[in-house]
Structures are given as C-alpha cells and as structure tokens.
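Each remark here refers to the structure printed beneath this line.
The figures here come from the full heavy-atom set of this structure, side chains too, leaving out hydrogens, waters and symmetry mates.
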Amino acid sequence: MLWDNIARRSAGSGGGGTVAEVPASVEREPRSRIRIGLALGGGAARGWSHIGVLRTLSEAGIVPDVIAGCSIGAVVGGCYAAGKLDELETFARSLTKRRVMGLLDFHISGSGLIAGTRLQRLLDHDLTDKKVEDLPIRFCTIATELASGHEIWLTRGSLVQAMRASYALPGVFDPVLIGGRWLMDGALVNPIPITAARALGADLVICVNLNGEIRIRGTVIQSYDSDSDEREIEEAMVEPRRWGIFPPSRAGKPRKPNAPGIATVMVDAFNITQDRIARSRLAGDPPDVMIAPKLSKMGLFEFHRAEECIALGRQATERALPDILELIQETQGV
C-alpha cells in the first residue's frame, strides 16, 4: 500500500535495485483516495528519462490513476499503462548509434523524411490489438491536427496509432491519419499535457518537463543589425546547443556561426516553438509537482544514451519525492 511505502520511505529506504513492473491487474486505491495523474512531456531521446521517473515512483508505492503523454511521453506512458515498461526499457538500453540509424526508414516520397514503419513494427510486436480505452490506467496521448491546429486528445482506439500520431515530428515523420484527420506531434500545442491529466480526473498532477533544465532560453535582442560585432555573437553561442541532430564539433568552445543543415533548422525551429508554448502553458496551468531531469547535455536524437538518461530521470524523481509524498499526505489529510 502507498502509506506503508511512505512510512518506509520516511525511515530512509534507498532508491537502488531492480523494480518490478506494475502488474496490469494492480488493485486500485479506494476512490476516497486522491487520484494521481502524470503528465509526461515531449523531448525525443530525452524521454528515456521517463522510465527512470516511473521506476522511482513505483518504488515509493505511487501508482498513477491517470497518464497523459505527449510525443515520447506518449510512448513511455502507453507502454507503462499496458504493462510493457520492462520490454521498452530493455529495447532502449540495447540501442547503439548503428541500430538507431537502422530503424530510420528514410524516404523522399512522403510527407516527412522518415516513414516510421520500422518503429511501428517494434511497437506492434508487444502492443498489437491494444486499445487505449481498455488499459488498466486512464490514458491519453496528445496530437495536433495538421489542417486546423486543433489539439486532439486520443482516448480511444489503437494504442500504437495514438502513440504514432503523438510523436509524428513535422518534417521528420509522416503525419498519421486517424478518424479522417491528419495528425502530427502534440508538442506543437501542448508539450506537457497537465490540462489533459486534470480533465481525465486527476486530483494531483505530477509533470515531467524534459526541457526544464535546458540552459538556452529565448530572449529579446532589442538592437541588432548586420554590422554587429562578431564577438557578441560568439559570446552568445558559448553554450553548446543540444537541439540539433548532430552535436557541435567543438562543444563548449566559442565558434563562428555557419549555415545550418535542413535537419538542424527543422528540429531547432520545432523546439523553440515547443519551449515557448510549454512555458506559457505551465504558467497558465502549473502542475502540483514538477520533475525536471538535468538533460541539458543530452541531445534530442541521442537515443543510444538510454542508460544515462534513465539514471537522470531517477535522480530527478528522488529529489522531488519528498515534496510529492508530503503533498499526498497533506491532500489526503493524513
């Protein structure tokens, strides 16, 4: 029970060791208990840290009643809700740079650079015929309608298709056709779906912000022209950028700006938009607790660094856990 685990946690139990997967048949707390929701944000490869977050929460006896996921958060959250987190973690830890490239089925005839068929086959292997509405945990993914910009909450239908729609990064993956709508990455409209978790019945929402520790933040340069001193530009670029597909060749050192490639332009533009939207939505509907792993040195497409990323998610949750447990106790009136 949660309260036994809170007592053990207060007594100083450690955070290491192997954690058993939460079974699909887990007995829920009575409705007199508060309903706990998780909002798992987008962030590509940084999303492996969600695994460490979920493992650490499970150790503390915290089993969510509601999960709302966006992009990679939809993938990790969906696998957890379906009882397949072990399989996902095994896959993530097995990735190498070469294997990651082998999973990318590039094409030039579609609406994106990558068809996504190979990735779908991997998801189908463990999740085929799984329906969102049949999961033991209330779950939804966030997607964006291509034509209208509508925020779409996928709460029914194929789990794999709901995941695919939520991580369909514009220009990189082909959009997904569901119910007559072309859908793409939900991070365009709701990168950290706190509102969805609340709407699905959560009384207390814990969010995981994969970009919360990123040091680069947009500001306003009020006076700038083509004659501006190059030294000012170099000073502004000292911090290595981790948004592009390819890391900088001289990370941490000043460098003169040069023409970016098309992949870097697409990904950087998407993440600037996602960062601005996330900050705005967090200000308007803040979570009860935010978990922000220290991922500034983790590239968006460095999927082969799962072990490090999972550890960072675990560490961030360990830091936030006292606040989470205290808030649960206060809310329950214990």
With a 4.5 Å cut-off on side-chain heavy-atom distances among I, L, V, M, F, W and Y, is there a chain of contacts connecting [X] to [Y]?
{"X": "Tyr167", "Y": "Leu54", "result": "yes"}
{"X": "Met290", "Y": "Leu325", "result": "no"}
{"X": "Leu295", "Y": "Ile51", "result": "yes"}
{"X": "Leu188", "Y": "Leu146", "result": "yes"}
{"X": "Val172", "Y": "Leu183", "result": "no"}

With a 4.5 Å cut-off on side-chain heavy atoms, are [Y] and [X] touching?
{"X": "Cys140", "Y": "Leu154", "answer": "no"}
{"X": "Leu88", "Y": "Trp48", "answer": "yes"}
{"X": "Lys131", "Y": "Leu159", "answer": "no"}

[X] (side chain) donor-acceptor with [Y] (main chain) under 3.5 angstrom:
{"X": "Thr141", "Y": "Ala162", "result": "yes"}
{"X": "Thr128", "Y": "His125", "result": "no"}
{"X": "Ser166", "Y": "Ile142", "result": "yes"}
{"X": "Thr317", "Y": "Gly313", "result": "yes"}
{"X": "Glu326", "Y": "Asp323", "result": "no"}
{"X": "Gln274", "Y": "Gly42", "result": "yes"}

So which atom in [X] and which in [Y] form the shortest heavy-atom distance, rounded to 0.1 Å?
{"X": "Thr331", "Y": "Leu204", "value": "OG1-CD1, 4.1 Å"}
{"X": "Val66", "Y": "Gly201", "value": "CG2-C, 4.4 Å"}
{"X": "Cys79", "Y": "Leu127", "value": "SG-CD1, 4.0 Å"}
{"X": "Ile192", "Y": "Ala278", "value": "CD1-CB, 4.3 Å"}
{"X": "Ile178", "Y": "Ala165", "value": "CD1-CB, 3.9 Å"}
{"X": "Tyr80", "Y": "Pro64", "value": "OH-CD, 3.5 Å"}

message: Could you check whether atom CD of Glu307 has more than 12 heavy atoms from other residues, nucleotides or ligands sitting under 6.0 Å from it?
response: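 Open.
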message: Counting only heavy atoms not in Arg319 (residues, nucleotides, ligands), do more than 12 fall under 6.0 Å from its CZ?
response: yes
Salt-bridge present ([X], [Y]; N to O < 4.0 Å):
{"X": "Asp134", "Y": "Lys130", "value": "no"}
{"X": "Arg198", "Y": "Asp288", "value": "yes"}
{"X": "Lys84", "Y": "Glu89", "value": "no"}
{"X": "Asp124", "Y": "Arg164", "value": "no"}

task: Step by step, work out the salt bridge (charged side-chain N to carboxylate O under 4.0 Å, His left out) result for Glu151 and Arg181.
output: CA-CA 12 Å; Glu151 178 179 334; Arg181 300 175 187 265; over 6 Å; no
Spacing of [atom1] belonging to [X] relative to [atom2] belonging to [Y], to within rounding of 0.5 Å:
{"X": "Lys294", "Y": "Arg46", "atom1": "NZ", "atom2": "CZ", "value": "15.5 Å"}
{"X": "Asn211", "Y": "Ser296", "atom1": "CG", "atom2": "OG", "value": "11.0 Å"}
{"X": "Met101", "Y": "Phe303", "atom1": "CE", "atom2": "CZ", "value": "12.0 Å"}

message: Taking side chain to side chain donor-acceptor pair (under 3.5 Å) as the criterion, tell me which of Thr195, Asp285, Thr144 meets it with Asn190.
response: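 Per the side chain to side chain donor-acceptor pair (under 3.5 Å) rule, the option paired with Asn190 is Thr195, out of Thr195, Asp285, Thr144.
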- prompt: Among His304, Met298, His50, Arg314, whose side-chain contact (heavy atoms from CB on, under 4.5 Å) with Cys309 holds?
  reply: Met298
query: Given Ile36, which of Leu57, Val205, Ile62 fulfils the side-chain contact (heavy atoms from CB on, under 4.5 Å) condition?
result: Ile62
- request: Scan side-chain atoms only and decide if Ser148 and Glu145 contain a donor-acceptor pair under the 3.5 Å cut-off.
  value: yes
field: Distance-only polar pair, side chains of Asp185 and Ser71, donor-acceptor under 3.5 Å
entry: yes
